[in-house]
S.K.: 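Mind having a look at this structure? Questions to follow.
As the structure is a computational prediction, the values presented were derived from the model and not from experiment. The figures that follow rest on heavy atoms only: side chains count, while hydrogens, waters and symmetry mates do not. Numbers here simply count residues along the sequence, with the first being 1.
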Amino acid sequence: DCGDLAKRASIYANRHCQQFDLADFPQIAGEGDFIHRFSPNVGTIHPLGVEVFGAGTWISNLSLLTGLSATDFGWRSPYLTITLKDRIRGSLPEVFKRCGYRTATIMPLEYSSANEGPFLNSIGFDDIYDYKAIGAPTYHMRDDVYFAAAEKLIAEHRKTDERPLFLAIQTMFAHSGYEERLEPSVTVAGEPFNADPELAEYARRLAISRQDFDAFLEKRKTDGRGAVVMEFGDHQPYVTKPFIDAMEGPDALGDKNSFAYQTYYTVTAFNHALKENVAPQGRTDIGYLGATFLDMAGLPSSPMMRDLVRLRELCEGKFYLCADRDAVDVHLRRRIDSGMLDIIDGSQSAPSS
């Protein structure tokens, strides 16, 4: 369901490493809306349920792009970019690709790291640029390095390609560890944000990252074209663990309902109207985020994506922990039977009657 092809906006999906809504932990940087303080162009902040803590960026990215819960796969979840390569159809990039978009991603790790590059190719990305491809000396760079690469790609694309663009950008500046002051010459208004050196450095990096993202949004705002930008935090950093323990006890990481598994997402549009009254209330699990993004922005969609929106409403935003687990399993079984999710070995299939 591609909609009005004459009004296709460019689409940007930004995965921010180890970012969350700092207002959830005022112990780190004080009271206030930290995100909008440094990113005034960004839209409404929505709570997002993720399935990893402290590490596992590629796991969150997979759930966003495929509409799956990695936790459903148990101990296999860190290896899904290997085991699910060439086994998934109907993903978020494929929806855009089938509707005439060029699909590309900029990633900070090497193409082969965690097999993420080959996996992303298999689910519909035409072009993948790792940190080496964009000329970065290392993966742990300030976010403006990746946004500069994005601006270069956007400019070159518009000169040679009439297709609209779906560009997924991964950034890395807020990544641990926090013993070292990265970009030491850059000073942020209000720092130090905390008496603890690691918390202060984390908050400082987050502020710089937000400023870089806001500069990216400003260019989308002023270039006169339709654009929809979605961003999300992939997981919390390890520095929040003491606060989680104080709130919920030392076993909190064993409960996917824990606050340890909450980050955020935003959807911001320029010269493109977002749909009214469709933003979900409360925390939304990341397996629903791709479909939610399409629904909120009135973007190309599919029966599978629409069924994910229906399931999200039925399950009150929960995927793996949905109270009506049968409904989740029916959705997954329909994907399997439709040839969109190849996870059942032929030798184990039920015999024909």
S.K.: Checking Arg102 against Asp127 for the salt bridge (charged side-chain N to carboxylate O under 4.0 Å, His left out) test, could you report, in this order, the C-alpha distance in whole Å, the side-chain angles of both residues, the deciding distance, and whether it holds?
M.R.: CA-CA 8 Å; Arg102 176 190 174 188; Asp127 304 300; 2.9 Å; yes
S.K.: Examine the side chains of Ser60 and Arg15 and answer whether a donor and an acceptor come within less than 3.5 Å of each other.
M.R.: no
S.K.: Going by an N to O cut-off under 4.0 Å, is there a salt bridge joining Glu156 and Lys159?
M.R.: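 Lys159 and Glu156: not salt-bridged.
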S.K.: Answer yes when Arg163 and Asp161 have at least one side-chain N-carboxylate O distance shorter than 4.0 Å, and no when they do not.
M.R.: yes
S.K.: For the hydrophobic clusters of this structure (ILVMFWY residues joined by side-chain heavy atoms under 4.5 Å, transitively), does one cluster hold both Leu289 and Tyr264?
M.R.: no
S.K.: Give a yes or no on whether the backbone of Glu51 and the side-chain of His235 come within a donor-acceptor separation of less than 3.5 Å.
M.R.: no
S.K.: Do the charged groups of Asp285 and Lys256 touch, with an N to O distance under 4.0 Å?
M.R.: no
S.K.: Inspect the surroundings of CD in Glu151 and state if more than 12 heavy atoms from other residues, nucleotides or ligands are less than 6.0 Å away.
M.R.: yes
S.K.: Taking Asp337 first and then Arg333, would you say they form a salt bridge - that is, a charged N and a carboxylate O separated by under 4.0 Å?
M.R.: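 Salt bridge present between Asp337 and Arg333.
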S.K.: Any salt bridge linking Lys132 with Asp130? Criterion: basic side-chain nitrogen under 4.0 Å from a carboxylate oxygen.
M.R.: no
S.K.: Kindly work out whether a path of hydrophobic side-chain contacts (I/L/V/M/F/W/Y, heavy atoms less than 4.5 Å apart) joins Leu109 to Leu64.
M.R.: no
S.K.: According to the interplanar angle, ranging from 0 to 90°, do the rings of Phe38 and Phe193 count as parallel (below 30°), tilted (30 to 60°) or perpendicular (above 60°)?
M.R.: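 The arrangement is perpendicular - the two ring planes meet at more than 60°.
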S.K.: Angle between ring planes, Phe216 versus Phe213, binned at 30° and 60°: parallel, tilted or perpendicular?
M.R.: parallel
S.K.: For the pair Arg325 and Asp72, find out whether any cationic side-chain nitrogen is under 4.0 Å from an anionic carboxylate oxygen.
M.R.: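 Salt bridge: yes.
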S.K.: Salt bridge check: are Arg210 and Glu231 linked by an N-O gap of less than 4.0 Å?
M.R.: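 Between Glu231 and Arg210 there is a salt bridge, with a charged N closer than 4.0 Å to a carboxylate O.
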S.K.: Does one side chain, of Gln18 or Tyr238, offer a donor that lies under 3.5 Å from an acceptor on the other?
M.R.: no
S.K.: Check each of Leu314, Ile336, Leu308 against His331 using the side chain to side chain contact (heavy atoms under 4.5 Å, CB included) test, and report the only one that passes.
M.R.: Leu308
